Amino acid sequence: MRGRFKKWAAPYLDEHDGVVLKEIKTEDPYFQAEKIYLEVGSGKGDFVLGLSTKREGNFLALERDVSISGILAKKVVESEIKNIRVMNEDFDNVYEAINGKLKFDIIFLNFSDPWPKKKHWKRRLTTRVRLQNMMNILKDGGEIRIKTDNDDLYAFTKEEAETLPLVKIFDTDNYEFDDSDDAMSEYERNFRSIGKNINRLIYRK
């Protein structure tokens, strides 16, 4: 569902530094909010835009594809929503920059790339190493919330998480959408429209 390369995206990201971050300055008052949230792999932004209007606090939306980041940033700018910052970056790089300096209340993973080939499993966002890293940047009592259409990634994630001191507080392979405390991404709407089951996991530190 990735779009074609968009020449305008990189210049747009450069021009909108009020919304788009090149680096995370942990002393920035934006990251001193009582509640801060991280979405890894924000895509075109429907999830973070939807949830930002339902929750108090500030959001950091990571998207590593520059063209998709441009679409995301454009939506945020045009929405005039003030509690979202966008970063065109990979989670691993962000983790290295903020570990020990910044902690989040919730980390969201929505329909992450399942990297279905066995030889690519280390690229998945839910390897035990990356889940451990996510746990390291969670506040005590913080959560990792995961939604995926991919049944193999769902099973893989549970196996990886079992090796870590995370408490599983929610687990279903047929998630009924909760509009009061959730939002849908473009992926989720599309999958639901064709009757595909949605898997959901929530882990607490």
Side-chain angles (χ1 to χ4, degrees), residues 8-112 125 133-147 170 177-189 200 202-205:
W8 60 265
Y12 189 91
L13 295 172
D14 289 338
E15 292 163 7
H16 291 85
D17 56 5
V19 166
V20 181
L21 304 180
K22 294 296 185 184
E23 61 179 328
I24 297 175
K25 298 179 180 179
T26 54
E27 69 275 12
D28 185 335
Y30 184 83
F31 292 110
Q32 306 305 314
E34 183 178 352
K35 299 286 187 180
I36 55 172
Y37 310 101
L38 172 65
E39 186 187 15
V40 182
S42 293
K44 296 177 181 177
D46 287 8
F47 173 83
V48 70
L49 283 159
L51 196 62
S52 68
T53 64
K54 299 178 182 180
R55 277 186 167 266
E56 295 292 330
N58 292 339
F59 290 77
L60 175 61
L62 297 185
E63 173 54 51
R64 66 182 183 179
D65 182 291
V66 65
S67 295
I68 304 301
S69 291
I71 295 171
L72 165 60
K74 192 169 189 289
K75 285 184 178 180
V76 174
V77 170
E78 292 179 350
S79 74
E80 299 185 346
I81 291 174
K82 304 301 183 185
N83 62 334
I84 301 174
R85 296 293 182 270
V86 175
M87 198 168 186
N88 173 216
E89 190 54 273
D90 183 87
F91 170 75
D92 293 343
N93 295 333
V94 171
Y95 173 75
E96 291 299 325
I98 67 172
N99 185 29
K101 302 174 185 176
L102 184 63
K103 291 184 182 290
F104 297 91
D105 291 88
I106 302 176
I107 297 174
F108 299 95
L109 306 179
N110 293 302
F111 303 92
S112 306
L125 275 173
N133 290 346
M134 290 177 198
M135 191 173 72
N136 292 344
I137 57 172
L138 277 179
K139 297 176 184 178
D140 290 340
E143 296 176 355
I144 303 171
R145 298 190 177 188
I146 300 164
K147 287 189 286 186
F170 190 89
F177 182 71
D178 176 10
D179 186 60
S180 66
D181 191 33
D182 198 3
M184 283 197 197
S185 65
E186 178 186 11
Y187 284 95
E188 183 166 358
R189 283 197 305 274
R200 195 185 198 204
I202 301 178
Y203 293 98
R204 182 172 291 159
K205 179 177 176 179

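Small disclaimer: the values here were computed from a predicted structure and weren't measured.
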Taking salt bridge (Lys or Arg N to Asp or Glu O under 4.0 Å) as the test, write out the residues that go with D17, two or more places apart.
none

Is N58 reaching over with its side chain to a backbone N or O of K35, donor-acceptor style, under 3.5 angstrom?
no

So, S42 side chain and G45 main chain: donor-acceptor pair closer than 3.5 Å or not?
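Answer holds: no.
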
Ion pair present between [X] and [Y], side-chain N to carboxylate O less than 4.0 angstrom?
X    : Y    : answer
K75  : D46  : yes
R145 : D181 : yes
D182 : K147 : yes
D140 : K103 : no

Testing the basics here: between [X] and [Y], what is the closest heavy-atom pair and its distance to 0.1 Å?
X    : Y    : result
K205 : L138 : NZ-O, 2.8 Å
G43  : L72  : O-CB, 3.5 Å
I36  : F31  : CD1-O, 4.0 Å
S69  : V86  : O-CG1, 4.3 Å
F104 : L60  : CZ-CD2, 4.2 Å
G57  : N83  : O-ND2, 2.9 Å

Side chains of N110 and E39: is there a donor and an acceptor less than 3.5 Å apart?
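Yes, because at least one side-chain N or O of N110 sits under 3.5 Å from a partner of the opposite role on E39.
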
Walk me through whether D179 and K54 qualify under side-chain contact (heavy atoms from CB on, under 4.5 Å).
CA-CA 9 Å; D179 186 60; K54 299 178 182 180; 3.1 Å; yes

To the nearest 0.5 Å, what is the distance between [atom1] ([X]) and [atom2] ([Y])?
X    : Y   : atom1 : atom2 : result
E23  : M87 : CD    : CE    : 7.5 Å
I84  : Y37 : CD1   : OH    : 12.5 Å
E186 : I68 : CD    : CD1   : 8.5 Å
S185 : L49 : OG    : CG    : 12.0 Å

Side chains of Y95 and I137 in contact at under 4.5 Å (non-hydrogen atoms)
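Heavy-atom side-chain distance check passes, below 4.5 Å.
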
